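The structure under discussion appears below in the form of structure tokens.
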Amino acid sequence: KIMQRILLASASALAFLAAVPALAQDNDSTVTQTGTDAVATVTQSGSAAASTVTQGGDNNAATVTQSGNGAESIVLQDNGTGGGSNASDDNNSATVDQTGDSYSRVRQYNDNADAQVTQNGDGNSSDILQTGDNDDAFVDQQGSDLTSTIAQSGNSNDANVSQSGDTNQSGIIQSSGSNVAIVTQEGSLNESSILQNGLGLNTANVEQTGEDNDSQITQGGIANNAGDDATVRGVFQSGDRNSSQISQSGGLQDAAVRQTGDDNDSQITQGGSLGAAHYADVDQSGNGNGSVISQAGALSDALVDQSGNDNDSTVTQGVLGSHLADVDQSGNDNSSTVTQYGWSQAAYVDQVGDGNTSSIDQGTALNGSDQYASVAQNGDDGMSTITQRGQDQRAELTQGGLSNESFIDQSGSDHLAEVTQDGADNYSSVIQSGSGSSATVTQTSDLNNSFVNQSGNGHSATVVQGSTGAM
């Protein structure tokens, strides 16, 4: 019996010794501290984790917690100046929590910066560089192969990135002060890029869900907004392969883009030619819709709302003035182009149906003010062209039916053109020059043709066509 106890005890000891290598962690941690009152806490569990913490200056804090396989964390709070009153790397805080085979690097080279990184999954990467004062950066990545890069070189910048899914990418560069950037991405293969420079106070907020969506925001100048806070998105894209580009220079610009569906594209360019407080709002739902807005000079507004498939809108406003363009398209394959220069122009386009085309061109770079154009197309394959130069022109078109066409050209001052088309295959042309003339055209049946050409002052023309072939 004694021999049996000895043999059992020996077997238990061998089993314990055999299990020791399996419990070995094989983790690596390096902590280097200079300056005063630095605090570093590293907790690693699992295997092949690596942590490096280097702290210089005073009152820096670093906390690293890693659990899982192969995580790597680097925290650098030292720009080589050391501690004391001349140090410029004091009071920084970095917190990193990683699970899985992920990589995090935090570099804080000035004062009072705060960085927090949370990563869960494999192949994730976060890189934060803070070289200004009072910068805040927050990264939360849940999934695999997610990438976040944040570079803050001004003061009092705030960057917040939240990503889930796989293979999403976010890049934020803040090179001036008091900028705010918020990125939320869910799904896969989504990409977001935010560049904020100039004088600062810029705000960008992006949310993307789905696959292969792309958002690019570039902000220069001061106090530009592409979104506001966590509840006001500057760019919201849901679906697949949607693309948004916003470029803001100058100051006080506002832009908002909402796209739901697939293969939609929005481009907004604001600023230049002395700039001003431009505002652009794009809302697209459906597939394959496209919107381009360019605003330069004075207080331009542009509102584009498209629902359906393969609709297209282009709005160009600039060289000073208080412009407004409101485009609403529902249906398929509709196209609208609005070009406005000068002062106080206004254009309204409402297209309901399929295959309609509208073109409005008002004012010039050096002349023209207070033009007004309204186009309402509620049939199919309609075509409208309005060109207005000079002062105080007014054009209104209402177009229904099928394959109707209207052409309005006004120059001079104080002209009025009103065209109403219903039925099919009607054509109307109104040309007015001089001042104070008016033309009214009504076509309510099929295959009508009307031509009005007035030059001089104070003319009036009325055309009513209500039977096939009338003229």
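Just so it is clear, the model here is predicted, and its values are computed rather than measured.
- In this structure, CG in Asp414 is found 5.0 Å from CG in Asp392, a value given to the nearest 0.5 Å.
- When side chains are defined from C-beta on, Leu324 counts as touching Tyr348, because their heavy atoms get closer than 4.5 Å.
- Of all non-hydrogen atoms in Gln393 and Ser411, the two that sit nearest each other are NE2-C, 3.5 Å.
- Within the 4.5 Å cutoff, the side chain of Gln169 has no heavy atoms near those of the Ser192 side chain.
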For a side-chain contact (heavy atoms from CB on, under 4.5 Å) check, start with the C-alpha distance between Val117 and Val106, then their side-chain angles and the critical distance, and finish with the verdict.
CA-CA 9 Å; Val117 178; Val106 176; 4.2 Å; yes
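- Note on residues 290-318: no pairs pass salt bridge (charged side-chain N to carboxylate O under 4.0 Å, His left out), not counting sequence neighbours.
- Taking CD1 from Ile172 and OG1 from Thr149, the interatomic distance works out to 9.5 Å, rounded to the nearest 0.5 Å.
- Asp111 is not listed as a side-chain neighbour of Asn91, based on a closest heavy-atom distance of 4.5 Å or more.
- Nearest approach of Ser153 to Ser175, heavy atoms of both residues: OG-CA, 3.1 Å.
- Using modelled atom types, one side-chain atom of Asn311 and one backbone atom of Gly331 make a donor-acceptor pair closer than 3.5 Å.
- Here the side chains of Thr131 and Arg107 are not in contact, with every heavy-atom distance at 4.5 Å or above.
- Taking CD1 from Ile194 and CD from Gln174, the interatomic distance works out to 8.0 Å, rounded to the nearest 0.5 Å.
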Please determine whether side chain to side chain donor-acceptor pair (under 3.5 Å) holds for the pair Asp133 and Asn112, giving the CA-CA distance in whole Å, both sets of side-chain angles, and the decisive distance to 0.1 Å.
CA-CA 6 Å; Asp133 296 333; Asn112 302 304; 5.8 Å; no
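- Formation of a donor-acceptor pair under 3.5 Å by the Glu186 side chain with backbone atoms of Gly165 is not found in this model.
- Judged purely by atom type and a 3.5 angstrom limit, Asp446 has no side-chain atom pairing as donor or acceptor with the backbone of Gly423.
- For Tyr427 and Phe451, the ring centers are positioned less than 6.0 Å apart.
- Between the side chains of Glu207 and Asn205, no donor-acceptor pair of N or O atoms lies under 3.5 Å.
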Side chain to side chain donor-acceptor pair (under 3.5 Å), that's the test. Do Gln351 and Gln329 meet it? Break it down for me.
CA-CA 5 Å; Gln351 295 175 315; Gln329 297 173 314; 2.6 Å; yes
Passes side chain to side chain donor-acceptor pair (under 3.5 Å), Ser437 versus Gln454? Steps please.
CA-CA 7 Å; Ser437 296; Gln454 299 185 125; 4.6 Å; no
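- A salt bridge does not link Arg389 to Asp409: none of the charged nitrogens lies less than 4.0 Å from a carboxylate oxygen.
- Contacts of Glu418 classified as salt bridge (charged side-chain N to carboxylate O under 4.0 Å, His left out), with partners at least two apart in sequence or in another chain: none.
- Formation of a donor-acceptor pair under 3.5 Å by the Asn334 side chain with backbone atoms of Gly353 is found in this model.
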Run the side chain to side chain donor-acceptor pair (under 3.5 Å) test on Asn242 and Asn264 for me, step by step, so that the C-alpha distance in whole Å, both residues' side-chain angles and the decisive distance to 0.1 Å come before the verdict.
CA-CA 5 Å; Asn242 296 301; Asn264 296 301; 3.2 Å; yes
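- Put simply, the side chain of Asn356 does not reach to within 4.5 Å of the side chain of Asp381, judged on heavy atoms.
- Using a 4.5 Å heavy-atom cutoff, the side chains of Tyr279 and Asp254 are in contact.
- Taking both residues in full, the closest heavy atoms of Gln377 and Ser358 are given as OE1-CB, 3.8 Å, listed atom of the first, atom of the second, then distance.
- A donor-acceptor pair under 3.5 Å links the side-chain atoms of Ser102 to the main chain of Gly121, judged by distance alone.
- Among all heavy-atom pairs drawn from Gln141 and Thr147, the shortest one is OE1-C, 3.4 Å.
- In this structure, Asp354 has no salt bridge (charged side-chain N to carboxylate O under 4.0 Å, His left out) partners at least two apart in sequence or on a different chain.
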Could you go through Asn202 and Ile222, starting from their C-alpha distance and side-chain angles, then the distance that decides it, and tell me whether this counts as side-chain contact (heavy atoms from CB on, under 4.5 Å)?
CA-CA 6 Å; Asn202 299 302; Ile222 185 170; 5.6 Å; no
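- Looking at Ser433 and Ser455, their side chains never bring a donor and an acceptor atom within 3.5 Å of each other.
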Gln245/Ser266 under side-chain contact (heavy atoms from CB on, under 4.5 Å): CA gap, chis, key distance, verdict
CA-CA 6 Å; Gln245 298 180 25; Ser266 172; over 6 Å; no
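- Counting heavy atoms from C-beta on, the side chains of Asn179 and Leu201 never come closer than 4.5 Å.
- Judged by distance alone, the side chains of Gln345 and Gln362 never bring a donor and an acceptor atom under 3.5 Å apart.
- Here Asn404 pairs with Gln399, Gln421, Asn426 under the side chain to side chain contact (heavy atoms under 4.5 Å, CB included) rule; sequence neighbours left out.
- When all heavy atoms are compared, the tightest approach of Asn224 to Gly250 is ND2-O, 3.6 Å.
- Taking all atoms of both residues into account, the shortest heavy-atom contact from Asn124 to Asp145 is OD1-N, 3.3 Å.
- Considering only residues two or more places apart in sequence or on other chains, Asp136 meets the side chain to side chain contact (heavy atoms under 4.5 Å, CB included) condition with Asp114, Phe138, Asp158.
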Apply the test side-chain contact (heavy atoms from CB on, under 4.5 Å) to residues Val64 and Val75: give CA-CA distance (whole Å), side-chain angles for both, the deciding distance (0.1 Å), then the verdict.
CA-CA 9 Å; Val64 178; Val75 177; 4.2 Å; yes
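- For the 3.5 Å distance criterion, the side chains of Asn287 and Asp263 fail to qualify, holding no donor opposite an acceptor.
- Summarising the geometry, atom CE belonging to Met383 is positioned 12.5 Å from atom CG belonging to Leu397; distances are rounded to the nearest 0.5 Å.
- For Asn213 and Glu211, the side-chain atoms include no donor-acceptor pair closer than 3.5 Å.
- Applying the salt bridge (charged side-chain N to carboxylate O under 4.0 Å, His left out) rule to Asp283 yields the partners Arg258; only residues at least two apart in sequence or on another chain are considered.
- Looking only at atom types and distance, the side chain of Gln388 has a donor-acceptor partner in the side chain of Gln410 under 3.5 Å away.
- At distances below 3.5 Å, not a single donor-acceptor pair connects side-chain atoms of Asp122 with backbone N or O atoms of Ser144.
- In this structure the side chain of Val139 never reaches within 4.5 angstrom of the side chain of Thr118, judged on heavy atoms.
- In this structure, a donor-acceptor pair under 3.5 Å is present between the side chains of Gln142 and Asp140.
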